[in-house]
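Naming: A, B, ... by sequence-line order, numbering from 1 per chain.
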Number of protein chains: 2
Amino acid sequence: MARAAAVKAVSGEMSDASDRMGQILSESARLFATKGYDGTSMRDIAEACGISKSLLYHHFTDKDEIYARIALGSTQRLFEFVEERLPEGGTPPERVRAFMTATGDYFQRYRSNWIASTAAFWSDPELRRHKERMMWRDRYEGLIRRLIQDAINSGDFRPVDVPLTGRLVLSSLNWMHRWYRPEKGLTPAQIADSYYDLIFNGLKAE
Amino acid sequence: MARAAAVKAVSGEMSDASDRMGQILSESARLFATKGYDGTSMRDIAEACGISKSLLYHHFTDKDEIYARIALGSTQRLFEFVEERLPEGGTPPERVRAFMTATGDYFQRYRSNWIASTAAFWSDPELRRHKERMMWRDRYEGLIRRLIQDAINSGDFRPVDVPLTGRLVLSSLNWMHRWYRPEKGLTPAQIADSYYDLIFNGLKAE
DNA sequence: CCTGCTTCCGACCAGGCGGTCAGTGTCGCA
DNA sequence: TGCGACACTGACCGCCTGGTCGGAAGCAGG
């Protein structure tokens, strides 16, 4: 069976698409990343690959398997990618830093796969139109930037990059819904408070 | 027309659902948050409300308008909610901290709306099964925790909460795809590096 | 009683969906 | 030359989707 032959082609995106499975995974990742999982039909994928829809089912059992292959491959590769970039001899902080920059690197190289596997959803209405809504988003983001700028002006914060710091703050808060479970542990406000402590005081000892 | 009468019922979730529109918005937010936008059909919404599908179209022009109302309402309310919780007389850092905890509070109170409007997509396959994939996720998250723990043990980091700090790091990286545009600015690795600087050194002056 | 408005329903529609199947062409190998 | 394995196709299926439509209840004012 063809599927066994292409175990190595977990990826997409990096593959040169010489083989069908690699091409299918690559195009699928691109489509999932731009249009979401539900927004991408098997017809879309087939068309993007220049093949018939039936052929997709020759290589994969169903749509979900294509997605699973992308998501799994992306996650696994992320781990390996990051791990092999940790400096053996470095100090612990250097290694934390390397973890972060390697993840950034990975994100850049395998952007479609990354987005497909961390957000293969956000679905059309999230990105389409809604100017009015963006106005509020912008005001919200503008607010945190202004607060940070104030804290810099007052001498309480060191002169950090304001937009980036704002994004760090919003990222920590926005991502909470992905792991937070209301049943147990701290309340969201307590978590936010802890984040503030971490960001304000930093990790550095003494 | 009924729509005009219920302009105030932007919300859902908070509304006691005495009126139809509030009920529809509330149930929709709950469904969008759990099953995603595409995964929620108009029939689902109607059934959850105990009404006919046609009635939905009496109150809203289409599915997208329901979503837009939820998302807009949620975003707008977030801004107002946070803004009115900023202490007038506080120091700038206190106000930054208040911004964050207020956002956490908001998240908790309007969880469905929040999730629906920031992630109304992640779609079924993201949460369903994929044990194997989770294994890699866990190893990846385990890795950053171990690195942080090492840095604490070595005395480079102060003794912070390891899981929470790991989540802060991953949040900053995972959320990047929502605002990063490859055309301009820093590379993702540079951004990650800047994040490291912020988190390691903190915001506190001198 | 009638009239008119609003709320509400059941039946219906075209279209797109994921998935199937019978079959065709093309290889490598005996 | 024949044959099996494989890559591949187009027509097709049942289902579910978002959305429409004609009309039925309930209630107002006259």
Side-chain angles (χ1 to χ4, degrees), chain A residues 1-7 9 15 17-28 31-32 34-71 116 120-121 123-126 128-129, chain B residues 1-7 9 15 17-28 31-32 34-71 116 120-121 123-126 128-129:
Chain A
M1 189 149 207
R3 195 164 320 133
V7 162
S15 143
S18 60
D19 64 306
R20 271 277 115 88
M21 295 191 72
Q23 183 195 18
I24 292 170
L25 289 170
S26 164
E27 292 295 332
S28 300
L31 289 167
F32 286 152
T34 51
K35 310 203 303 174
Y37 180 81
D38 291 302
T40 303
S41 73
M42 292 299 267
R43 283 166 181 84
D44 292 337
I45 297 174
E47 200 173 334
C49 295
I51 61 178
S52 73
K53 189 161 64 81
S54 321
L55 189 52
L56 296 176
Y57 290 93
H58 178 71
H59 291 294
F60 300 91
T61 66
D62 57 16
K63 186 182 179 183
D64 221 49
E65 199 205 339
I66 298 180
Y67 177 80
R69 199 86 120 201
I70 293 170
F121 67 36
S123 83
D124 293 343
E126 172 65 21
R128 278 198 318 242
R129 68 180 215 203
Chain B
M1 190 150 205
R3 193 163 323 132
V7 161
S15 143
S18 62
D19 64 305
R20 271 278 114 87
M21 294 191 73
Q23 182 194 17
I24 292 170
L25 289 170
S26 165
E27 291 295 331
S28 300
L31 289 168
F32 286 153
T34 53
K35 311 205 301 173
Y37 180 83
D38 290 304
T40 303
S41 73
M42 292 299 266
R43 283 168 181 80
D44 292 337
I45 298 174
E47 201 173 333
C49 295
I51 60 176
S52 75
K53 189 161 64 79
S54 319
L55 190 52
L56 296 176
Y57 290 94
H58 177 71
H59 292 294
F60 300 91
T61 66
D62 57 17
K63 187 181 178 183
D64 221 50
E65 200 206 337
I66 298 180
Y67 178 80
R69 200 84 119 202
I70 292 170
F121 70 72
S123 85
D124 292 345
E126 171 65 22
R128 274 200 321 243
R129 66 179 217 204

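- The nearest pair of heavy atoms linking A:Asp62 to A:Met42 is C-CE, 4.4 Å.
- Closest approach to the B:Met42 side chain among D:dG18, C:dG19, C:dC8 is made by D:dG18 (side chain taken as heavy atoms from C-beta onward).
- Per the geometry, OH belonging to B:Tyr67 stands 18 Å off C1' belonging to D:dG18, to the nearest Å.
- For DNA chain C, the residues of residues 45-53 of chain A within the heavy-atom distance limit of 4.0 Å (strictly under) are A:Lys53, sorted by number.
- The interatomic distance linking A:Leu56 (CG) with D:dC6 (P) rounds to 19 Å, in whole Å.
- A:Asp19 has its CG atom 13 Å from the C1' atom of D:dA7, to the nearest Å.
- Taking 4.5 Å as the limit, every side-chain heavy atom of A:His58 sits out of range of all side-chain heavy atoms of A:Arg20.
- Protein atom CG of A:Asp62 is 17 Å distant from nucleotide atom C1' of C:dC21, rounded to whole Å.
- If you check D:dC8, C:dT20, D:dG19 against the side chain of A:Tyr57, the one that comes closest is C:dT20.
- One can place CG of A:Leu55 at 18 Å from P of C:dT24, the figure rounded to the nearest angstrom.
- Listed here is the closest heavy atom pair of A:Ser28 and A:Ile66: OG-CG2, 3.5 Å.
- For the pair A:Ser26 (side chain) and A:Gly22 (backbone), a donor-acceptor distance under 3.5 Å is absent.
- Expressed to the nearest 0.5 Å, how far CG of A:Asp38 lies from CG of B:Asp38 amounts to 4.5 Å.
- Toward the 5′ end of DNA chain D lies the nearest nucleotide of B:Lys63, the other residue of the pair B:Lys63 and B:Ser54 mapping further downstream.
- Which of C:dC8, C:dG19, D:dC8 sits closest to the side chain of A:His58 comes down to D:dC8.
- At least one side-chain heavy atom of A:Leu25 sits less than 4.5 Å from a side-chain heavy atom of A:Phe60.
- Across all their heavy atoms, A:Phe32 and A:Lys63 have their closest contact at CE2-CE, 4.2 Å.
- Atoms OH (A:Tyr37) and P (C:dC17) sit 13 Å apart, rounded to a whole Å.
- Rounded to an integer number of Å, the gap from CG of B:Asp38 to C1' of D:dC16 is 13 Å.
- Contact annotation: B:His59 does not reach the phosphate of C:dT7 (side-chain N/O to OP1 or OP2, under 4.0 Å).
- Using a 4.5 Å heavy-atom cutoff, the side chains of A:Asp64 and A:Tyr37 are in contact.
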Enumerate, atom names and distances included, each donor-acceptor pair closer than 3.5 Å involving a side-chain atom of residues 43-52 of chain A, sequence neighbours excluded.
unit_1: A:Asp44; atom_1: OD1; unit_2: A:Ser41; atom_2: OG; d: 3.4
unit_1: A:Asp44; atom_1: OD2; unit_2: A:Lys35; atom_2: NZ; d: 3.0
unit_1: A:Asp44; atom_1: OD2; unit_2: A:Ser41; atom_2: N; d: 3.0
unit_1: A:Asp44; atom_1: OD2; unit_2: A:Ser41; atom_2: OG; d: 3.3
unit_1: A:Ser52; atom_1: OG; unit_2: A:Leu55; atom_2: N; d: 3.4

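- Comparing C:dC8, D:dG19, C:dG18 by their nearest atom to the side chain of A:Ser41 picks out C:dG18.
- Among the nucleotides C:dA11, C:dC12, D:dC8, the one closest to any side-chain atom of A:Arg20 is D:dC8.
- Rounded to a whole Å, the NZ atom of B:Lys35 is 13 Å from the C1' atom of D:dT17.
- In this model, a side-chain donor or acceptor of B:Arg43 finds a partner on the base of D:dG18 within 3.5 Å.
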Could you list, one pair per line, each protein nitrogen or oxygen that sits under 3.5 Å from a nitrogen or oxygen of nucleotides 25-27 of chain C, together with the distance?
none

